[in-house]
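Counting begins at 1 with the first residue of the sequence.
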Amino acid sequence: MDRLASVNLNLLVPLLALLEERSVTKAAERVGLSQPAMSHALARMRRLLGDDLVVRQGSGLTLTPRGAQLIAPLRAALRQTARVVNFPAFDPCVDPRVITVAMTTSTAFVIGPHLARLLGQRAPRATLRLRTISVPTEATFTEDGVDVVLLSEGFSSPHPRERLYDDRIVVLASRDAPAEATALDLLRTQPHVVVDTERRVFPYAALDEMGVDHRVGALVSDYLLVPYLVARSGGVALLRYRVATTMRDLVDLRIEEFPEKLPGLGIDMVWNPHLADQHFVGWLRRLLLDAAHAICRGG
């Protein structure tokens with residue numbers, strides 16, 4: 001405790017902001033310091049901890065191993081300090097915090113607009129940060145400062161999860177496809193537009209088991225290009241229903257049910273295990289569920 005008395009604890013808040021933002025400018029804005037003051041604070045933190053904490057890499061900053069290790073304990077310490085000094089609970093009407101939600105691009109395409117609209121109504125001073133990822137890691141919570149990950153049930157997580165909304169695979173075709181063709185006919189006769197990944201897209205294993213011969217006409221690396229290409233250039237695709245119906249508002253698409261029952265593709269909420277403000281967690285959970293309800297109400 002005697003040694004701790006000689007440490008300027010005011011450095012801990014800008015330190016956490018810098019480690020999370022990986023930008024002197026953004027960290028300074030977040031904690032209300034000028035950029036020179038933040039640079040001076042960084043120099044003092046480096047001397048105090050005997051580590052660079054962040055280093056220049058290309059046009060940005062990256063964390064040193066020591067810097068990455070500090071994020072989780074710093075968050076925990078500052079949250080505990082806030083409880084000790086009895087800061088008021090999260091008030092969405094006035095709180096200016098950045099709320100970070102991570103998900104795939106396709107999930108952001110479906111729920112992002114609803115989430116942004118509701119947040120603007122209920123927390124007018126907060127900022128929504130959407131982080132697009134494929135598969136979360138522990139660094140998603142510790143380094144990227146993500147509050148909650150929206151994760152497909154097909155991916156595992158060591159943390160507790162709760163269903164946000166259900167989804168399923170459907171067959172997608174252009175409006176130019178033969179009107180009398182069934183979903184199975186479309187899958188057999190039309191060229192397929194498929195996501196180009198190292199992992200086999202799982203509905204195609206079901207097609208193999210059904211003995212459905214098919215031909216791949218196009219491979220694309222962006223999931224959201226699939227329905228757009230089908231609508232504009234023809235062919236057929238297997239896609240999430242929620243993505244398909246959202247894209248149908250933008251381009252003309254035909255949606256048919258998959259010929260056989262497939263495992264579900266629900267989207268789950270996986271919370272940052274280091275979040276201590278349960279009032280905030282409960283509020284954000286309600287916001288996400290309301291955004292999901294708006295999706296399901298639309299179809």
Side-chain angles (χ1 to χ4, degrees), residues 103-115 132-135 150-156 161 163-268 291-299:
M103 65 196 84
T104 64
T105 303
S106 58
T107 302
F109 180 71
V110 172
I111 199 171
H114 301 284
L115 196 54
T132 54
I133 62 172
S134 296
V135 181
L150 306 186
L151 185 65
S152 171
E153 67 177 287
F155 292 98
S156 63
R161 56 202 298 164
R163 180 58 43 86
L164 181 59
Y165 62 84
D166 290 313
D167 210 343
R168 65 186 188 275
I169 289 293
V170 293
V171 179
L172 211 60
S174 74
R175 290 294 182 182
D176 296 331
E180 70 281 2
T182 65
L184 197 54
D185 293 334
L186 293 171
L187 291 169
R188 283 180 170 143
T189 61
Q190 299 294 309
H192 287 233
V193 181
V194 180
V195 179
D196 188 12
T197 65
E198 293 181 359
R199 298 180 56 185
R200 181 168 171 76
V201 180
F202 98 87
Y204 282 94
L207 285 188
D208 292 342
E209 292 178 3
M210 294 164 59
V212 177
D213 291 330
H214 62 277
R215 182 179 72 83
V216 175
L219 292 166
V220 296
S221 59
D222 191 320
Y223 191 87
L224 289 181
L225 275 177
V226 171
Y228 184 80
L229 288 177
V230 168
R232 296 298 191 189
S233 60
V236 68
L238 298 173
L239 201 74
R240 286 176 174 270
Y241 171 73
R242 302 294 179 192
V243 177
T245 54
T246 304
M247 183 62 77
R248 191 169 55 183
D249 292 337
L250 305 176
V251 291
D252 201 9
L253 287 167
R254 173 180 169 185
I255 300 175
E256 300 285 349
E257 292 297 332
F258 191 81
E260 290 192 3
K261 186 173 179 60
L262 291 174
L265 280 176
I267 299 297
D268 296 336
H293 178 69
I295 294 168
C296 298
R297 191 175 54 215

Exercise for the section: Could you tell me whether a side-chain N or O of Ser152 sits under 3.5 Å from a main-chain N or O of Phe155, the two making a donor and an acceptor? Expected result: no

Handout entry: Candidate list Leu250, Leu239, Val193, test side-chain contact (heavy atoms from CB on, under 4.5 Å), partner Pro227, passing option
Key = Leu239

Problem - Pair listing, side-chain hydrogen bond (donor to acceptor under 3.5 Å, both in side chains) test, anchored in residues 169-181, at least two apart - result: Arg175-Asp252

Problem - Close side-chain approach of Leu151 to Ile267, heavy-atom, < 4.5 Å - result: no

Exercise for the section: Could you list the residues that satisfy side chain to side chain contact (heavy atoms under 4.5 Å, CB included) with Thr104, not counting sequence neighbours? Expected result: Ser106, Thr107

Completion exercise
Gly235 and Val230 have their tightest heavy-atom pair at O-CG1, 3.6 Å

Practice task
Using the test side chain to side chain contact (heavy atoms under 4.5 Å, CB included), find all partners of Thr189 that sit at least two apart in sequence or belong to another chain.
Solution key: none

Exercise for the section: To the nearest 0.5 angstrom, please state how far the CG atom of Leu219 sits from the CG atom of Asp196. Expected result: 4.5 Å

Practice task
Output every pair passing ring pair (Phe, Tyr, Trp, His ring centres under 6.0 Å) with a member in residues 164-190, not counting sequence neighbours, ordered by first then second residue.
Solution key: none

Exercise for the section: Before giving the answer on side-chain contact (heavy atoms from CB on, under 4.5 Å), spell out for Tyr241 and Thr245 the whole-Å C-alpha distance, their side-chain angles and the decisive distance to 0.1 Å. Expected result: CA-CA 6 Å; Tyr241 171 73; Thr245 54; 3.4 Å; yes

Practice task
Only pairs at least two apart or in different chains count here, so list each side-chain hydrogen bond (donor to acceptor under 3.5 Å, both in side chains) that has a residue in residues 218-234.
Solution key: none

Fill in the blank from the handout: Between Ala177 and Arg254 the two heavy atoms that sit nearest each other are O-NH1, 3.9 Å

Practice task
Taking the side chain as every heavy atom from C-beta outward, state whether Met103 and Ile111 have any atom pair closer than 4.5 Å.
Solution key: yes

Completion exercise
The salt bridge (charged side-chain N to carboxylate O under 4.0 Å, His left out) partners of Glu260 (sequence neighbours excluded) come to none

Exercise for the section: Could you tell me whether the side chain of Val171 reaches within less than 4.5 Å of the side chain of Ile255, counting heavy atoms only? Expected result: no

Problem - side chain to side chain contact (heavy atoms under 4.5 Å, CB included) involving Gln190 - partner list, sequence neighbours excluded - result: Pro178, Leu186, Val236

Completion exercise
CD of Glu256 to CG of Asp185, rounded to nearest 0.5 Å, is 10.0 Å

Exercise for the section: Return yes if some donor-acceptor pair links the side-chain N/O of Asp208 with the main-chain N/O of Ala205 below 3.5 Å, else return no. Expected result: no

Problem - Residue list, side chain to side chain contact (heavy atoms under 4.5 Å, CB included) with Ala231, at least two apart or on another chain - result: Val251, Leu253

Exercise for the section: Write down the atom of Arg161, the atom of Asp268, and the distance for their closest heavy-atom approach. Expected result: NE-OD2, 2.8 Å

Handout entry: Option from Val170, Leu207, Leu172, Val194 for which side-chain contact (heavy atoms from CB on, under 4.5 Å) with Leu238 holds
Key = Leu207

Exercise for the section: Using the test salt bridge (charged side-chain N to carboxylate O under 4.0 Å, His left out), find all partners of Asp166 that sit at least two apart in sequence or belong to another chain. Expected result: Arg163

Practice task
Quick one: closest heavy-atom pair of Val226 and Ala237, and the distance?
Solution key: CG1-CB, 3.4 Å

Fill in the blank from the handout: Residues His114 and Ala294: closest non-hydrogen pair is ND1-CB, 3.6 Å

Exercise for the section: Using ring pair (Phe, Tyr, Trp, His ring centres under 6.0 Å) as the criterion, list what pairs up with His192, not counting sequence neighbours. Expected result: Tyr204, His214

Exercise for the section: Using a strict cut-off of less than 4.0 Å between a Lys/Arg side-chain nitrogen and an Asp/Glu carboxylate oxygen, indicate whether Arg168 and Glu257 qualify as a salt bridge. Expected result: yes

Problem - Pair listing, ring pair (Phe, Tyr, Trp, His ring centres under 6.0 Å) test, anchored in residues 245-264, at least two apart - result: none

Handout entry: Closest contact, heavy atoms only, Gly217 versus Pro191
Key = CA-CB, 3.9 Å

Practice task
Would you please name every residue forming a side-chain hydrogen bond (donor to acceptor under 3.5 Å, both in side chains) with Thr197, sequence neighbours left out?
Solution key: none

Handout entry: Exam field: side chain Glu153 to backbone Gly266, donor-acceptor pair closer than 3.5 Å
Key = yes

Problem - Heavy atoms of other groups near Asp213 CG, more than 12 under 6.0 Å - result: no

